[in-house]
2 protein chains.
Amino acid sequence: MDVQAVEQVLRKQGCALTPQRRAVLRFLDGNLEHPSAGQVFDAVTAALPSTSRPVSSRATIYNTLALLEQIGAVRVLRGTDGEMRYDPNTTPHHHRCCDVCGRLEDVPAEAVTLLLDGRPAVGEVRFTGRCPACTTA
Amino acid sequence: MDVQAVEQVLRKQGCALTPQRRAVLRFLDGNLEHPSAGQVFDAVTAALPSTSRPVSSRATIYNTLALLEQIGAVRVLRGTDGEMRYDPNTTPHHHRCCDVCGRLEDVPAEAVTLLLDGRPAVGEVRFTGRCPACTTA
DNA sequence: CTATATGCAAAATTTTTGCATCGTT
DNA sequence: AACGATGCAAAAATTTTGCATATAG
């Protein structure tokens, strides 16, 4: 996801570049943590100047995330814990989901292609297991 | 999942074999649809004699399903739609999740082992795509 | 200025919890 | 008879929706 490109697409579609949308874009850009909608909301709330009070609302965050999905700026995933997760990395790649804490980690497309004997996988492949943190515990 | 075996385990643990639990077992046995908790509730409600009225409650269904998971009688999955899904097939196998309708289909363990060049996969592997019904539409 | 987005509040879903009552063992 | 399970109702948590107001272009 490239912030510049997304803003251009939004402009072209006649969508307003509100501070809330900008804050969502800034938080998501380069974010590898697959944040949930709640986490996006918290981040936006923290990022926007608290002087101009309302800051944001959950509805706005969901609206914005749905919009970003529509224009292909984010991939929407759902973790084991049932929360929606948002991935700004829209290039082909896969995920591993921790059985214990629900954390989603990236699995490079090439790694799966190797497993598949050279043929790239169609769609997302989701592996389960334990993330490093939960393996130690 | 074998109903006889599960009932024996429950008895051995001092768990009561209530009509509700029996109904859940009967509905799940051999079920390949990966039903949600709500679907299990509906099925149990329909299956139990409506003459003895209370029939069942959602809390009981969740209790029972959690119990069955604890004793390893069912595998708990979560579909794209965020609902919990219950799979009475506890033998090693994988799933394909429909992007459109959320339906979960079985993928034999051997199919994935083949893809992996003879090495069986660890954990569940989840593929995405479209189920036959949603491919036609 | 006009169309659009925002924030609030409330609804809809799914799952969890507390407690009195009922049923299995 | 005793202990555990049930059903109800209400609480949590996440996501969706309706509407008046505020704001970006």
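Naming convention: chains lettered A, B, ... in sequence-line order (proteins, then strands); numbering from 1 in each chain.
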Check: Rounded to the nearest Å, what distance is computed from the CD atom of residue B:Gln13 to the C1' atom of nucleotide C:dT25?
Finding: 16 Å
Check: So which nucleotide from D:dA5, D:dG7, D:dT15 ends up closest to the side chain of A:Met84?
Finding: D:dT15
Check: Which nucleotide sits closest to the side chain of A:Thr64: C:dT6, D:dG25, D:dG7?
Finding: C:dT6
Next item on the list: State which of C:dA5, D:dA5, D:dT15 makes the closest approach to the side chain of A:Arg58.
Entry: D:dT15
Note to self: Whole angstroms only, please: what is the CG-C1' distance between B:Leu67 and D:dT6?
What the structure shows: 14 Å
Notebook entry, point to check: Nearest to the side chain of A:Glu83 - D:dA5, C:dA5, D:dT15?
Noted result: D:dT15
Notebook entry, point to check: Rounded to whole angstrom units, what separation is found between the CG atom of A:Asp81 and the C1' atom of D:dA13?
Noted result: 11 Å
Next item on the list: Check the distance between C:dA5's P and A:Gln20's CD and give it to me in whole angstrom.
Entry: 12 Å
Next item on the list: Map B:Ser36 and B:Ala16 onto DNA chain C by nearest heavy atom, then report which one ends up closer to the 5' terminus.
Entry: B:Ser36
Checklist line | Given DNA chain C, 5'-ward residue of the pair B:Ala37 and B:Cys15, judged by closest heavy atom | finding: B:Ala37
Next item on the list: Report yes if a side-chain nitrogen or oxygen of B:Thr60 is closer than 4.0 Å to either non-bridging phosphate oxygen (OP1 or OP2) of D:dA5; otherwise report no.
Entry: no
Checklist line | Minimum-distance nucleotide (side-chain atoms of B:Asn63 versus C:dT15, D:dT6, C:dA5) | finding: D:dT6
Next item on the list: Take B:Thr18 and B:Thr64 through the test side-chain contact (heavy atoms from CB on, under 4.5 Å) and record every step on the way to the result.
Entry: CA-CA 10 Å; B:Thr18 63; B:Thr64 300; over 6 Å; no
Check: Would you call B:Ile61 and B:Gln20 a side-chain contact if the rule is heavy atoms closer than 4.5 Å?
Finding: no
Notebook entry, point to check: Atom CG of B:Leu10 and atom P of C:dT25: how far apart are they, to the nearest Å?
Noted result: 10 Å
Margin query: Measuring to OP1 and OP2 of D:dC8, would you say a side-chain N or O of B:Ser57 lies under 4.0 angstrom away?
Written below: no
Note to self: Tell me the interatomic distance from A:Tyr62, atom OH, to C:dA5, atom C1', rounded to whole angstroms.
What the structure shows: 18 Å
Next item on the list: Can you tell me the distance, in whole Å, between the CZ atom of A:Arg78 and the P atom of D:dT14?
Entry: 12 Å
Notebook entry, point to check: Hey, does the side chain of B:Gln39 reach the backbone of B:Ser36 with a donor-acceptor pair shorter than 3.5 angstrom?
Noted result: yes
Margin query: In whole Å, I'd like the distance from the CG atom of A:Leu48 to the P atom of C:dG7.
Written below: 8 Å
Item checked: Cluster check A:Leu104, A:Val100: I/L/V/M/F/W/Y, side chain < 4.5 angstrom -> no
Notebook entry, point to check: At under 4.0 Å, does any side-chain N or O of A:Ser56 touch on OP1 or OP2 of C:dT6?
Noted result: no
Check: Within a strict 4.5 Å, meaning less than it, do heavy atoms of the B:Phe127 and B:Val112 side chains meet?
Finding: yes
Next item on the list: With the side chain of A:Thr18 defined as its heavy atoms from C-beta on, choose the nearest nucleotide among C:dC8, C:dT6, D:dT15.
Entry: C:dT6
Check: What does B:Arg11 touch in the nucleic acid at a heavy-atom separation under 4.0 angstrom: a base, only the sugar-phosphate, or nothing?
Finding: nothing
